[in-house]
Amino acid sequence: MTIPTATYRIQFRNGMTFDRAAALAPYLKRLGISHLYASPVFTATTGSTHGYDVTDTNEIDPAIGGRKGFDRMVKALKQSGLGLILDIVPNHMAASLENRWWRDVIEHGPRSRYAHHFDIDWTRPLTLPFLGDTFENVLERDEIHVQPGPETGHPAFAYYDSFYPLTPESWQDDPDAILNLTDKSAISALHQRQPWRLTCWRDAPHSLSYRRFFEITGLVGVRVEDKTVFDDTHRLILELVHSGVVDGLRIDHIDGLADPKGYLERLRQQAGPDCYITVEKILADGEQLPPEWPVSGTTGYEFIAALSDALVDGDNMATLSQAYEEVLGRTVDMANELRAAKLLMSGRNFEGEFNTLLRLSLDIATAEDAALDETAMSTALRELLVAFPVYRTYGTNEGLTPADDALLQNVVDSVKAPGTLPDPEALDFLQRILTGELEDSTADNVLVFRTRFQQLTGPLMAKSVEDTLFFRQHMALALNEVGSEPLPRPYALSAFHKEMQTRRERQPDALSTTSTHDTKRGEDTRARLYTLTEAPEEWAQCVVRWREMNKSKVVLIDDGAAPRSGSKWMIYQALAGAWPVTLRPDDHTGLKALEDRFLPYVEKALREEKLRTSWDDNNDAYEQAVLGYVTHLLSAENQSFLVDFHRALQPFIRAGLVNSLTQAIIKLTAPGVPDIYQGSEAFNFSLVDPDNRLEPDFFALASALDDEEKPLNTDQDAWFSGRTKQQVIARLARFRQQKPRLFRTGDYLPLSASGSQAKNVIAFARTCGDEALIVVVPRLVFAALAEHPDWLYPPGLQDTSVMLTDTLAGRRYRDLFTGKEENLNKGIDLASGDGSLPVRVLYSSF
C-alpha cells in the first residue's frame, strides 16, 4: 500500500471542473503534495454544490467534466507524479426524481428492483415529504395535477416542476381517463392507490418512512450492508481502484452504516490490500478506532482537538468563562446545556426515529411477556440516548463487542445514578435488547432495534453538539469545532504530546487535518481565536466597550432584545476571527466583501442555536434585527467602532499568525498524513459553510510559491499575505517525500524546555534509525506581541532552551528553513539575535 505523504483536498463543483483541477497538477507537485484528495465526483443532483447528494454512483458527473474530463485529470496527475483519493458516499443517495433508482421505487413501490436498496419501512406507504403544505391543501389550491411525465409520457402527479410517477396498476386500464382527471376527490382517491404518499416537508421529523442522513429528508439511507446493494453502488468505484486510476478512498459518514465493520471488510476484500482507506469518524476524548477495522485511520478531526491542547492557555480558561458568564448574566452548566440540546433534538428533529425505536422495544417486550408500559419505556429510551457519550457502538447480529458492552454498562449506570428517572426495569430491558440477552424468537426485532439505535446515536450527538450546543454557547468559538469535546476539560501541552504518541501507535497513517469543508471555522480563524484564551480580561473589556458603542442598534422586539447578550459576544468574536489581516477601517470595498460573507454566517448561527429562530420556524423580526446590528458594525459610517475594533485586534492578529505557523509546522511533522484543504496552504479565515467552500485564488497561490530552497521570506508582506506559511508547508511537504519512513514510522519524543519562557515552547523529535528531526515552535505569544507593537512575531525566547536526550545530542543538524548547520550537544538555545522566526526544524542523519 502506498501511503500518501501529503494530500490536497479539492472541492469540485461551483466552477471547479476536472480540467481546472488538471491544470493545478504542476502547482500541487511543486507544493510537495503526493495525492489529490477529491470531493465526491459521481453524478449528483442538478446544481449540487457539494456532491454528497449522489443520484448515480456509477457515473462520473457530466456537470464537472464527465468521464472524459476525469480521465484527462487523472492523466495530468500521473504526469506530475500525483495520486488520487476519492471521497465516496456509501451511506446515502439523493431522494430525488433525478435518481433513477429512487424514481423506480416511487413508480413501482415494494415491487421495484431497488425497493430494498434504500432503507425504507415498507410496512406503510413510502412518505415523500416534499410539499409545501398537506396534500389536501395543495390539492385544494390547484397546485397539484395529473399530467404526462416529461420523460415517459406516463401519468404522474405534477407539483410545480416535479413529476411523481404513478404506479402502472393505477392507470394502465385507462390512461386517458386518468390524465383527464379534474375532480379533486378522484385525484385524492388516485393518490391513495399509490405505494407512496406526498406529504408536507414539516411532517418529516415525525412521520418519515425511510432513514435519512441526519435530518436531511432529501438524502435517503442506502442498505449497503446488503451484498447486492454494495455491488450495485460500488461498481465504478472498484473499477477505478482496480485499474490503478484511484489510489485511495475516503469513506463518508461511516457511523451511518448498519454494520461499519462488515462494510469495511467487504470493501477491503473487493478493493484489495493496496488501496489506502480512511473513514470520516468523530472520536470522543480517549476513544480510538476499533482495531479490527481494515483501514489506515480517520480523516483527522481528532487532530484538530489535539492542537487545542497545544495552543490554548489552559490557565486562563476559568477567567474567560467568568467573563462570558458576566456578559450572559448567568452561570453556564455545560452538562445541562448538552442534555437540553439532546432532549430537544430527540423529541423534535428525530421524533420519528425515536418513535420507531420505541415501537420496536414495546413489540419485543410484548413478545417477551415483560410488563413494561409505554411511558416507562419511552422515558428509559430517551434517557439512554441522551446519556450516550460517544457517537455509537458497533454491535452486529452477534451482539456487542466486549468494549461496547462495557461502555453500555457505564452508560446505564450513569443513567441510574440520580435514582429518579427512568424506571430501572425498563432501562435494564433496553440494555438486554442491545446486548441480545433475549429469546431467539425476538432475534429479528432485536437486531433491527440495535441497528436503528446505533444509527441514531451518531446523528443525535452530531446535531445536538455541533449544530445546536456549539451555536448556543460561545465562550470560546475556537473550541466549538467538529471533533471537539462539548464539556469543559483541562487544556495542557502534556495532553497534546500524549495524544501524538497515541496517534503514532494507533493510526500513524490517518489524515491530519486542520480545515475541511465541514469545519466550523478555517484553521487560521481558529488559530487567531485561540489567542483569546491568553488575554481573556482584555477581550472581555473590548466586548463591553463595543457593546456600549453600538447599543443604539439593539432592537427591542416582542420576545426580547435583539441581539441578545450571548449573540453579541459571538458576533464580536466571530468577526475578530474572520477579519482579514490587512483590512483597514477605511477600506469600504473590503468591509463590504467581509459583510457579504459574515451576514450569512450570523443568520446560520441564529437558526442553528434554535432559541428564538430556527430553520423550520423562522422568526423574521428577530433575524432582521440581529442582521441589522451586524450591518451597522461593518458600515463604513461606523468609523468610531471600526477604528477601535481594528486597533484592539492587532495583537490578536499577530499572535494568531504565529499560531497559524506553529499549527502548520506541527501538522507537517507530527504523526499522521498532513491534509491541506484547498487554499489553506496560505490563509484560511473562513467561517462555517458555505463560506468555507469558496474557491481560493489558485492563480495567486501558484504565482506566490517559490520553487527554490532558499531561506524563508518573512518580511511583512510575506508574513501578512500567507506566503511565509505557504513556503513553510511546501518546504516540509517536499522533505516528507524525501523521508517517508521517518514520518510514517519514526518515534515521537516530547522534549522539555527550561528557562523563563519554557511554557512558550512546543518541542518534539521524530527518530527512525539513524535519522532525527527536532521541531521547536512557539506558543502563547500574545503577551510578548502586545508589549511590542512593532514586532511581527517574537524574535526568540530569551533565557530559554530545549533539552536534548542522549539519542539526539552530539549530532550535527541542518535547519530546514535557513539551511544553516550546527553541532548540538545538551540543548538548543532559543534566544535569537538576528530577528528570525522563533521556529526550528532541524534534521540529522549519521
Side-chain angles (χ1 to χ4, degrees), residues 303 306-315 491-505 508 512 658-659 661-672 674 728 731-732 735-736 739 741-781 784 794-818 820-832 836-846:
F303 184 77
L307 282 169
S308 65
D309 275 308
L311 298 176
V312 164
D313 190 339
D315 294 340
Y491 292 86
L493 183 57
S494 59
F496 166 77
H497 286 310
K498 182 179 179 181
E499 178 61 26
M500 291 303 101
Q501 289 174 313
T502 301
R503 191 171 186 80
R504 160 64 184 81
E505 295 167 2
S512 296
V658 175
N659 277 352
L661 194 67
T662 290
Q663 182 173 248
I665 292 173
I666 291 174
K667 182 169 70 172
L668 270 291
T669 55
V728 163
R731 186 73 53 85
L732 293 177
F735 186 72
R736 286 182 64 95
K739 307 292 180 181
R741 188 163 157 266
L742 171 64
F743 289 102
R744 185 186 180 198
T745 66
D747 289 337
Y748 179 90
L749 305 174
L751 299 179
S752 298
S754 63
S756 61
Q757 299 183 69
K759 74 170 187 177
N760 302 107
V761 179
I762 306 169
F764 58 87
R766 305 297 307 277
T767 62
C768 180
D770 61 359
E771 294 183 291
L773 186 82
I774 298 175
V775 177
V776 182
V777 287
R779 68 188 289 261
L780 308 183
V781 300
L797 300 175
Q798 300 300 320
D799 305 317
T800 304
S801 62
V802 170
M803 295 172 284
L804 299 182
T805 64
D806 291 342
T807 304
L808 300 172
R811 301 168 65 128
R812 188 167 183 79
Y813 289 86
R814 174 173 61 88
D815 190 313
L816 297 187
F817 295 142
T818 66
K820 295 179 180 178
E821 294 190 359
E822 60 181 321
N823 294 317
L824 295 177
N825 294 315
K826 293 183 178 181
I828 305 172
D829 183 2
L830 300 184
S832 173
S836 61
L837 274 173
V839 300
R840 308 287 290 275
V841 181
L842 310 172
Y843 174 74
S844 173
S845 177
F846 283 135

How far does [atom1] of [X] sit from [atom2] of [Y], to the nearest 0.5 angstrom?
{"X": "Leu808", "Y": "Leu824", "atom1": "CG", "atom2": "CG", "value": "9.5 Å"}
{"X": "Ile666", "Y": "Asn659", "atom1": "CD1", "atom2": "CG", "value": "9.0 Å"}
{"X": "Thr767", "Y": "Leu742", "atom1": "OG1", "atom2": "CG", "value": "8.0 Å"}
{"X": "Leu830", "Y": "Ser801", "atom1": "CG", "atom2": "OG", "value": "6.5 Å"}
{"X": "Ile774", "Y": "Phe764", "atom1": "CD1", "atom2": "CZ", "value": "11.0 Å"}
{"X": "Ser512", "Y": "Lys667", "atom1": "OG", "atom2": "NZ", "value": "8.5 Å"}

Please check if the side chain of [X] supplies one atom and the backbone of [Y] the other of a donor-acceptor pair under 3.5 Å.
{"X": "Arg779", "Y": "Lys759", "result": "yes"}
{"X": "Arg503", "Y": "Gly672", "result": "no"}
{"X": "Thr800", "Y": "Gln757", "result": "yes"}
{"X": "Ser756", "Y": "Gln798", "result": "yes"}
{"X": "Arg504", "Y": "Thr745", "result": "yes"}
{"X": "Asp309", "Y": "Ala492", "result": "yes"}
{"X": "Asn760", "Y": "Leu780", "result": "yes"}

Would you say [X] and [Y] make side-chain contact, with heavy atoms under 4.5 Å?
{"X": "Val839", "Y": "Phe817", "result": "yes"}
{"X": "Arg736", "Y": "Pro674", "result": "yes"}
{"X": "Val776", "Y": "Val761", "result": "yes"}
{"X": "Pro750", "Y": "Lys498", "result": "no"}
{"X": "Ile828", "Y": "Leu751", "result": "no"}

**Request:** With Glu822 as reference, evaluate Arg814, Arg812, Arg840 under the salt bridge (Lys or Arg N to Asp or Glu O under 4.0 Å) test and give the passing residue.
**Result:**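 Result for salt bridge (Lys or Arg N to Asp or Glu O under 4.0 Å) with Glu822: Arg840.
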Contact summary for [X] and [Y], nearest pair of heavy atoms:
{"X": "Pro778", "Y": "Pro838", "result": "CD-O, 3.3 Å"}
{"X": "Phe496", "Y": "Ile762", "result": "CE2-CG2, 4.2 Å"}
{"X": "Tyr748", "Y": "Gln501", "result": "CD2-CG, 3.6 Å"}
{"X": "Ser308", "Y": "Tyr491", "result": "OG-CE2, 3.6 Å"}
{"X": "Leu773", "Y": "Tyr843", "result": "CD1-CB, 4.0 Å"}
{"X": "Arg811", "Y": "Ser844", "result": "NE-OG, 3.1 Å"}

**Message:** Can you tell me if Asp806 has over 12 outside heavy atoms packed within less than 6.0 Å of its CG?
**Reply:**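 Not more than 12 within 6.0 Å, no.
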**Request:** Start with the C-alpha distance between Phe303 and Met500, add both sets of side-chain angles, then the distance that settles side-chain contact (heavy atoms from CB on, under 4.5 Å), and finish with yes or no.
**Result:** CA-CA 9 Å; Phe303 184 77; Met500 291 303 101; 3.9 Å; yes
